[in-house]
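Just below is one structure, and these are the notes that go with it.
Remember, it's a predicted structure, so these values are computed and weren't measured experimentally. Numbers here simply count residues along the sequence, with the first being 1. In each ligand, atom 1 is the first atom listed, and ligand 1 is the first ligand listed.
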Amino acid sequence: MEKDLGREIMEMRECYRNGNTKPMSWRRSQLQALRSFLQDYEVPIFRALNLDLGKHYVEAFRDEVGLLKKSVNLALNDLKRWMTSTGAKLPIIALLSSAELVPEPLGLVLVISPWNFPLGLSLEPLIGAIAAGNAVVLKPSELAPACSSLLANTLPKYLDNQAIKVFEGGPAVGQQLLQQKWDKIFFTGSAKVGRIVMSEAAKNLTPVTLELGEKCPAVLDSLSWSFDKEVAIKRIIGAKYGSCAGQACISIDYVLVEKSFSSTVVDMMKAMIKTMYGDNPRESHSVARIINKHHFLRLKNLITDPNVKDCIVFGGSMDEDNLYIEPTILVNPPLESAIMTEEIFGPLLPIITLDKIEDSIDFIKKRPKPLAVYAFTKNEDLRKRMVSETSSGSVVFNDAIVQFAADTIPFGGIGESGMGKYHGKFTFDTFTHYKAVARRSFFTDFWYRFPPWNNHKLELLEDSYNFDYFGLLLVILGLKRSRKTFHVN
Ligand code: NAD
């Protein structure tokens, strides 16, 4: 296996070196093929997502297939513009010159994806990597086997197999891939494996993008209008339980509210869960399932912890055979318990009460930087402080998760939640090197650029860095001075 993998990757590198992936025509044909795959295989994709995660096909379309179609269309529409060099100015000292930023592909890149959005998080980076003209190896997660085998068995029917390959497998295959030399590794997954990826990449000085997780807080201000409260609760419940049952990196991990508002919040959340999932959410087709027994038991342990279980105010029922966990709400689990120190990644929602909503800023600042901070508030001062005083991949006011669907703003983490960014043109940039190309005429030079040195040349050099051409002309004509004569003994 190792030998074959190494050989295949060598052949892919050769294919890249031959320039096969660089022409716009190749990139366009691959993106069009990817679009056809999404069209032709829409129903099998829905089935695979349902088999792996119990996702409803509407949720699957909203969060994965629909977004991918949007992304591939954007890449096809904007490809020419993205591939065009942009002009830049050089300093005056480089008289009669021009410069440009020439986008060039990075080369042979590796994309490693997780199980929770197994199609979306595999193909979204793939779209940008292809648009940027790279050869790509994709390793989907072994924990979503139906989606992984769908990608491995069908993508080769659509894409150029010499330049784009899918390698299936778990950590062992991941490790074998990390032993190879890449020009970029784009990894989505846990911080634990992210650290392994980064240390393996360091051996070859390979750049990495790490799309990781963390605990994303939602600050819920005591909104005075009942309409605003209702909207906020709907968006919180929809984001928490309605996107892969909380198994999403940008899911709301916990909610911060003022003490006096918490019982209202709990009552409204209970009612909203009923509205969305009925009296018995277990029977609802709109509740995704936990990916596997390991994660089921991990989540079970979080709420059966003796210090936590009495904090459950809603839900808490489980069915191990069906990997089902009821949408669950807890109030004030101990801050040092696992549910409040580890990323929850499931349908459990702790509510933490504070004396004043402004205390939420300190609460967030004391913890690792999250992928997203959500705040439901009309308080402009709080909004400003949230943006300027907390640090996170993104900040969203009055909603959650919607930022993932945007291709106009970058998506990515900071600190423990990752590094690098993508979506829309940012994905193209992530897989592109902007080569600086500068050009000068042989015609003439400023005399003061070259030795022998004297103080007048020092003054003119400083003026060149401080003024535009007109200012510099005034200096040369003696009509302007920028600094006093300078003597070094
Ligand atoms: P994971 O880190 O366990 O696995 C991710 C991928 O890495 C899988 O393909 C897996 O096979 C591979 N892998 C595992 N061990 C490896 C090793 N030793 N060497 C090489 N490859 C290895 O993550 P997961 O459980 O699939 O996903 C959950 C995590 O991903 C959560 O922390 C979540 O927050 C994060 N996540 C982040 C984003 C984001 O966009 N920032 C999106 C989804 C999930």
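Ring-centre distance between H423 and F404: below the 6.0 Å cut-off.
To the nearest 0.5 Å, atoms CG (L151) and CG (L126) are separated by 9.0 Å.
F296 does not carry R298 over the face of its six-membered ring by the limits of under 6.0 Å from the centre and within 45° of the normal. Stacking of K215 on the aromatic ring of F345 is not recorded, the 6.0 Å distance cut-off and the 45° axial limit not both being met.
A salt bridge links D183 to R13: at least one charged side-chain nitrogen sits closer than 4.0 Å to a carboxylate oxygen. Between R385 and E358 no salt bridge is recorded (no basic side-chain N to carboxylate O distance below 4.0 Å).
The contact shell of ligand 1, taken as protein residues with any non-hydrogen atom closer than 4.0 angstrom, comprises I112, S113, P114, W115, N116, L121, K139, P140, S141, E142, G170, P171, G174, Q175, L178, F187, T188, G189, S190, V193, I196, E211, L212, G213, C249, E343, F345, L371, F411.
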